[in-house]
Structure formats: C-alpha cells, structure tokens
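One structure below.
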There are 2 protein chains.
Amino acid sequence: MKWDELEEEPCSMARTIGVIGDRWTLLILRECFLRTRRFEGFQSALGITRHLLAERLKKLVRQGVLRRIPYQESPKRHEYILTQKGLDLYPIMMALVHWGDTHMVDERGRPLLHEHRKCGKTFDPVMVCSECGEPLLAKEVHVHPGPGARPAPERVLLDKKAKPKPRRKAA
Amino acid sequence: MKWDELEEEPCSMARTIGVIGDRWTLLILRECFLRTRRFEGFQSALGITRHLLAERLKKLVRQGVLRRIPYQESPKRHEYILTQKGLDLYPIMMALVHWGDTHMVDERGRPLLHEHRKCGKTFDPVMVCSECGEPLLAKEVHVHPGPGARPAPERVLLDKKAKPKPRRKAA
DNA sequence: ATTTGACAGTTCATTTTTAGAACTGTAAGG
DNA sequence: CCTTACAGTTCTAAAAATGAACTGTCAAAT
C-alpha cells in the first residue's frame, strides 16, 4: 500500500495515519506543540536529516496541519505554525505521551509533567465519552457503520480476499 | 536516528513512537481492536506483506503489547491478543479516529460510528483533565521537567546543537 | 571589502526498509 | 492423492531514509 491510498480508505484512522502516521512527522508535531517554529529549530532538536525535514514540513503544510508564514523579508524566511487542524491533534499527542508515561518509564519516573492552567494541578489526560462523561473502555464501545462506510460493513480497509490469490503455483 | 534509540529518549512520546509509531503497526493495532487475532486475518484485512506482518507482530509481542497464545496443537497455531498494555492504547486509537472523523471525512460522512454501551449513545471521545474534568486545550497546559528529565530541561530529545557542525567546508 | 556565520533549503551517493512474489511445512477434508 | 487453510520464511526489486556536502541570500564582524 502506498501513502496516498491510505488517505482514500473508508476509515478515519487510516486517513489520519496517512497524514501523521510516521515517526518523523509525529516528532515534528511534538516539537510544534513545544513551540518550535523554524527549520533549524526542528532540525537541531530532532536530528532529522534536512532532506526529510523539508519533505515532511511540505507535506504537513499541504495537508493543512501547518501554515507557512513569512517572518522576515530578504532573505525570505518562514515559520511553521499549527493551524486549527494541527492544534486539534493535541489529544493524539497527549494520548501518546500518557501511554509512554504509563508503560515506558524507567525507575527515574516521567520525563515531563503536565500542569493544567485551569485547575493548577499536575494531571493525566483521560479519554471520556462526549455524551455521559464516563472514561472510555474498549470493551464498552460498539462500532457500527456510518454514512461514509463502504458496502461490506465488516471490512473497513483493503479487502484482499476479493482477489483470486493462488497460493501455490498452478503448474 | 534508529528505532531503538527512540525508546531510550527521555520523552514519553518518543518512546511510544518507538513502539507503535509506524503505519503498519498502527493498522495492525486497529485490527486488534476490531477483534482480529490471527495471521491470515491481519494479512487479508490489511494487504500487508506477510514478511512485514510477521516482523511487526514479533515486535509487538516483544514489547508486551500483544500476547501470542496457542489456539491449537498440530500444527501449532497461535493467536495474537492485546495485553493490558495493548488495551491501554485505546485512547490513542480513539484520538486518531476522532481527528480523522473531524478533518478527513468526505461529503458522505463518517465511515464508522461509536456507541457507548454505558449510556447507549453515539459519542465522540473527549480528552479531559484527570483532576478537574475539563476538556484539555493545548494552550492551557504547561509542561515542566519531571523526575526522569535529563539535565538540560528545555531539550527533551537529541541535542545536536552540542556538535561542532561546520556548515561550509573548512578548506 | 572580504570573510564568516545564520538560515532554509537542495542534491546526491549509500544504506536500510518495504513491496511483491514464491516457497516451506503441517495437517485436515474430499 | 490432491487441494486447501494456516503461519510463516526466503528472495529480489523498488522505494525511502541517512549522511554529507552544496547553494544562495543577507547581516555582522574583521
């Protein structure tokens, strides 16, 4: 499967993965949320090759996750700023951090703590139901096809079963 | 940067990305949450090459995200089941789906709807503060170093600024 | 007036990953 | 026996990432 096919899939998760589902893109986005805005900033913070960085930034701009805004004329220079679409990735970032905090820390403890300005406390992010406010558990959620589903409802991604797929040589 | 270096970073997000931060791993995990358990199931659902599938499953087992459990003797066959560590990835999955639902749907609407068994309603996942229950906004969260931080607190990942890094040839 | 350095990329050769397809092996079913 | 299901492994070709150097504009320092 190629990257762009992913974005065509009738599955919101596959489409999201098509946009941000690779390690460098995710790390670049982390930097964005840590207020990095410029090419050199990303490069030195991450150690990513400039080649890839340029490519990933271009893609994020194309996807509307970042906006490229001039911050000086001559030589023309730009900053990369999160759009609303980009800011909306925040729950994903927090979910990633929280899983790492829970399952990937060493004896020293968490590398970062998060403080919620509203209540002033160090917190963990919790995923709740928009309707009843209860924390979400996988077991308590049922999935069913929505208006954008494809005909066969049980298969949301590629259905390679449709292919003849001879598994031993026919000769 | 190599994959395994990522897991050593003093950053929970980097460590998480080291485990699940590639497109196929994420899609495999989606299948797990959709109750796929067997090699052929993953392969035909995703169209992933068997080679990569085998490798990714092995890695997920090694990381403790999946458990490989025999479901028949002779020939010995195994299923891949989410561990608690794996189940804890659920908020990440939901966050990915929700972003796609918000920003990547076409005119037809969402491919899937989620129903919360507890309240019986179709819902969206919302990230809230564990302390006050308010929805989290990036602007309202402040980050500061925790016990597992490295000396220089403002740089959480690789600090390539330390290198001499001559940018034009010295000759 | 020339050199140096910051910044934001681009180019290119090498290495690593991934894709695609076929092959192995066990066992059941017709 | 022959075919099929299942769970991999092996191999080659194609695609992507790495590493390092190169381009170009301009400001400040020498």
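Here is the naming used below: chain letters follow the sequence lines, and residue numbers restart at 1 for every chain.
Computed from coordinates, the A/Glu73 CD to D/dC26 C1' distance equals 13 Å when rounded to whole Å. Atom NZ of B/Lys59 is separated from atom P of D/dG8 by 18 Å (rounded to the nearest Å). The interatomic distance linking A/Gln72 (CD) with C/dC7 (P) rounds to 10 Å, in whole Å. Rounded to whole angstrom, the span from the CZ atom of A/Arg50 across to the P atom of D/dA21 amounts to 13 Å. Following rounding to the nearest Å, A/Gln43 (CD) and D/dA21 (C1') show an atom-to-atom distance of 14 Å. The separation between B/Asp22 atom CG and C/dT17 atom P is 12 Å, rounded to whole Å. Atoms CG (B/Leu27) and C1' (C/dT18) sit 14 Å apart, rounded to a whole Å. Across the protein-nucleic acid pair, A/Phe39 atom CZ and D/dG24 atom P stand 17 Å apart, rounded to whole Å.
For A/Lys118, the salt bridge (Lys or Arg N to Asp or Glu O under 4.0 Å) criterion is met by B/Glu134, not counting sequence neighbours.
Within the 4.0 angstrom heavy-atom criterion, no nucleotide atom of any strand lies near B/Phe42. In this structure, B/Thr49 reaches the bases: a heavy-atom distance under 4.0 Å links it to at least one base atom across the strands shown. Among the heavy atoms of the strands lying under 4.0 Å from A/Arg68 are primed sugar atoms or P, OP1, OP2 only; no base atom is included. Contacts of B/His51 with the nucleic acid, taken as non-hydrogen atoms under 4.0 Å apart, include base atoms.
Cation-pi geometry between A/Arg56 and A/Phe42 is not met: the NZ or CZ atom fails to fall both under 6.0 Å from the ring centre and inside 45° of the normal.
Each of B/Glu79 and A/Leu52 lies near DNA chain D, and the nucleotide nearest B/Glu79 is the one positioned closer to the 5' end.
In this structure, B/Arg56 reaches the C/dT18 phosphate: one of its side-chain N or O atoms is under 4.0 Å from OP1 or OP2. Between A/Lys58 and C/dT10 there is a side-chain N or O to OP1 or OP2 distance below 4.0 Å. An OP1 or OP2 oxygen of C/dA19 is reached within less than 4.0 angstrom by a side-chain nitrogen or oxygen of B/Trp24. Remark: A/Tyr80 is not in phosphate contact with C/dC7, judged by side-chain N or O atoms under 4.0 Å from OP1 or OP2.
The listed nucleotides are C/dA27, D/dA5, C/dA8; the one nearest the side chain of A/Arg38 is C/dA8. Checking D/dT9, D/dC6, C/dC7 against the side-chain heavy atoms of B/Arg77 singles out D/dC6 as nearest. Of all nucleotides listed (D/dT25, C/dG9, C/dG25), D/dT25 comes nearest to the side chain of A/Pro75. Minimum atom distance to the side chain of A/Glu55 is reached by D/dA17, of the listed C/dA27, D/dC26, D/dA17.
Distance CG/B/Leu89 to CE/B/Met94: 13.5 Å, rounded to 0.5 Å.
A salt bridge links B/Arg110 to B/Asp124: one of the charged nitrogens lies within less than 4.0 Å of a carboxylate oxygen.
Partner B/Tyr80 forms a side chain to side chain donor-acceptor pair (under 3.5 Å) with one of B/Arg37, B/Glu31, B/Arg68, B/Arg67 and no other, that one being B/Arg68. When A/Val19, A/Leu96, A/Ile20 are each tested for a side chain to side chain contact (heavy atoms under 4.5 Å, CB included) with B/Leu96, only one passes: A/Ile20.
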